[in-house]
Asks: 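There's a structure below that I have some questions on.
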Amino acid sequence: MDTLFNTKFEGEPATHTQPGVQLRSNTYDLQESNVGLKLTIVSTVGFGDQINKEDSYKPIMEFIDAQFEAYLQEELKIRRVLHTYHDSRIHACLYFIAPTGHSLKSLDLVTMKKLDSKVNIIPIIAKSDAISKSELTKFKIKITSELVSNGVQIYQFPTDDESVAEINGTMNAHLPFAVIGSTEELKIGNKMMKARQYPWGTVQVENEAHCDFVKLREMLIRINMEDLREQTHSRHYELYRRCKLEEMGFKDTDPDSKPFSLQETYEAKRNEFLGELQKKEEEMRQMFVQRVKEKEAELKEAEKELHEKFDRLKKLHQDEKKKLEDKKKSLDDEVNAFKQRKTAAELLQSQGSQAGGSQTLKRDKEKKKTRAEKSISDETYTTPGKHPMVPCAL
């Protein structure tokens with residue numbers, strides 16, 4: 001793009017690790033001599049970088065439709081200012097094709113097929129100096145054949161105007177254009193020219209023997225720019241507008257082939273919308289009532305289960321309480337019996353102790369008496385001056 005418009009467009013480089021396709025739109029005001037151009041460049045960041053490329057084209061389609069919708073809303077206003085409105089519709093899609101030399105990728109065919117009814121597609125072989133001239137010719141033929149066989153309609157330069165019919169017809173035969181871009185200028189001969197320097201030689205960007213860059217610039221900017229805008233408005237935008245208005249209920253004629261009144265269409269659509277709204281409200285009310293009933297049934301069932309659980313726990317508690325009371329009574333009986341046995345044992349032990357004490361006292365008395373008698377006897381035999389007395393039995 002820098003080479004095509006001979007300027008330096010500011011932009012941040014994008015990585016190839018984007019989670020999805022993102023569209024970046026930048027608008028520039030270009031000036032050449034006394035001619036001004038308001039250019040909007042939209043780049044598809046991350047296109048084709050994902051493992052799953054199934055939905056890669058959807059963000060592009062949504063962006064194009066969003067620009068159509070903005071223009072349609074401006075057009076439907078009561079007070080329109082289309083002459084000062086910034087037309088952000090996409091007038092040309094430069095679809096770059098990798099210079100593989102083999103065939104188009106499935107992603108390329110699917111994307112161009114989805115976009116050919118929404119935008120003017122101009123296929124371009126990028127970095128065409130990567131393959132030889134013979135391979136490039138075969139590659140162009142292969143691409144054209146695949147586009148035709150898959151029903152992809154690319155933009156054809158118009159040939160109905162006699163002033164440009166011949167050159168446009170010739171340029172249509174050169175599609176897709178094989179281009180090289182470079183902002184570096186090298187001195188070739190006595191002139192400074194945009195070129196790419198390689199160890200094996202120099203590739204001149206503006207040399208038609210080296211690439212189709214000049215053809216692309218002539219067709220895109222100098223000859224067919226107005227036709228691109230006209231095709232966008234009369235073909236792609238009209239298709240979107242017709243489909244959109246048909247979705248809204250507008251038609252050109254009624255079933256009797258009479259012109260359709262805008263007021264009648266509006267009233268019919270309004271009544272239809274109100275009817276659908278009432279129907280949805282009734283459905284929502286019925287759904288709400290049904291859900292309330294279901295919820296009440298669930299709550300009643302839960303309440304019933306809680307009551308049953310409470311009754312079971314209450315009965316279980318009563319049974320446990322009864323068991324504990326029985327056990328307590330049994331333990332109390334055992335304690336009372338033990339106390340009675342203990343009292344009886346203590347009484348017996350007390351009586352035994354008293355009987356033992358009496359016998360011991362009696363034995364002590366007998367021992368004392370025996371000792372006393374022995375002492376008297378000893379005194380009888382040992383009294384001096386007297387004859388011993390013979391004891392007599394009492």
Asks: I need the Asn168 CG to Ser163 OG distance, nearest 0.5 Å.
Replies: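 Going from CG on Asn168 over to OG on Ser163, the span is 8.5 Å.
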Asks: Does the pair Glu294 and Gln290 meet the rule for a side chain to side chain donor-acceptor pair (under 3.5 Å), with working shown?
Replies: CA-CA 6 Å; Glu294 292 175 356; Gln290 181 65 24; 3.3 Å; yes
Asks: Quick one: does any side-chain atom of Glu146 pair with a main-chain N or O of Ile143 as donor and acceptor, under 3.5 Å?
Replies: no
Asks: Does atom CD of Glu32 have more than 12 heavy-atom neighbours from other groups under 6.0 Å away?
Replies: no
Asks: Classify the ring geometry of Tyr71 against Tyr85: parallel below 30°, tilted from 30° to 60°, perpendicular beyond 60°.
Replies: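 Rings of Tyr71 and Tyr85: perpendicular, over 60°.
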Asks: What orientation do Phe157 and Tyr155 show, parallel under 30°, tilted 30 to 60°, or perpendicular over 60°?
Replies: perpendicular
Asks: Just by modelled atom types, is the Ala92 backbone N or O under 3.5 Å from a matching donor or acceptor in the Asn120 side chain?
Replies: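 Such a contact is absent between Asn120 side chain and Ala92 backbone.
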Asks: Please round to the nearest 0.5 Å and tell me the distance separating atom NZ of Lys138 and atom CD1 of Ile141.
Replies: 9.0 Å
Asks: Can Val214 be reached from Leu216 by stepping across I, L, V, M, F, W or Y side chains whose heavy atoms are under 4.5 Å apart?
Replies: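 Different clusters: Leu216 never reaches Val214 through Ile, Leu, Val, Met, Phe, Trp or Tyr contacts under 4.5 Å.
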Asks: Between the main-chain N or O of Glu206 and the side-chain N or O of His210, is there a donor-acceptor pair closer than 3.5 Å?
Replies: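 No: the side chain of His210 does not pair with the backbone of Glu206.
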Asks: Verify, without hydrogens or angle tests, whether Asp212 (side chain) and Phe177 (backbone) share a donor-acceptor contact under 3.5 angstrom.
Replies: no
Asks: Quick test of your reading of the model: are Lys315 and Asp319 salt-bridged, counting only N-O distances below 4.0 Å?
Replies: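 Looking at Asp319 together with Lys315, the answer is yes, because their closest N to O distance falls below 4.0 Å.
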Asks: Is it true that, when you exclude Lys133 itself, more than 12 heavy atoms of the residues, nucleotides or ligands shown sit nearer than 6.0 Å to its NZ?
Replies: yes
Asks: Roughly how far apart are Glu296 CD and Lys293 NZ, rounded to 0.5 Å?
Replies: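 It comes to 9.0 Å.
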Asks: Answer yes when Arg241 and Glu238 have at least one side-chain N-carboxylate O distance shorter than 4.0 Å, and no when they do not.
Replies: yes
Asks: Looking at Leu220, is its backbone amide N or carbonyl O close enough to the side chain of Asn224 to form a donor-acceptor pair, meaning the two atoms are under 3.5 Å apart?
Replies: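 Pair absent, no side-chain N/O of Asn224 close to backbone of Leu220.
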Asks: Can you classify the ring geometry of Phe9 versus Phe5 as parallel (below 30°), tilted (30 to 60°) or perpendicular (above 60°)?
Replies: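 Geometry flag for Phe5 against Phe9: perpendicular rings.
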Asks: Would you say Lys113's side chain and Gly151's backbone share a donor-acceptor pair under 3.5 angstrom?
Replies: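 Yes, Lys113 side chain to Gly151 backbone: donor-acceptor pair under 3.5 Å.
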Asks: Could you check whether Glu226 pairs with Arg229 (Lys NZ or Arg NE/NH1/NH2 to Asp/Glu carboxylate O, under 4.0 Å)?
Replies: yes
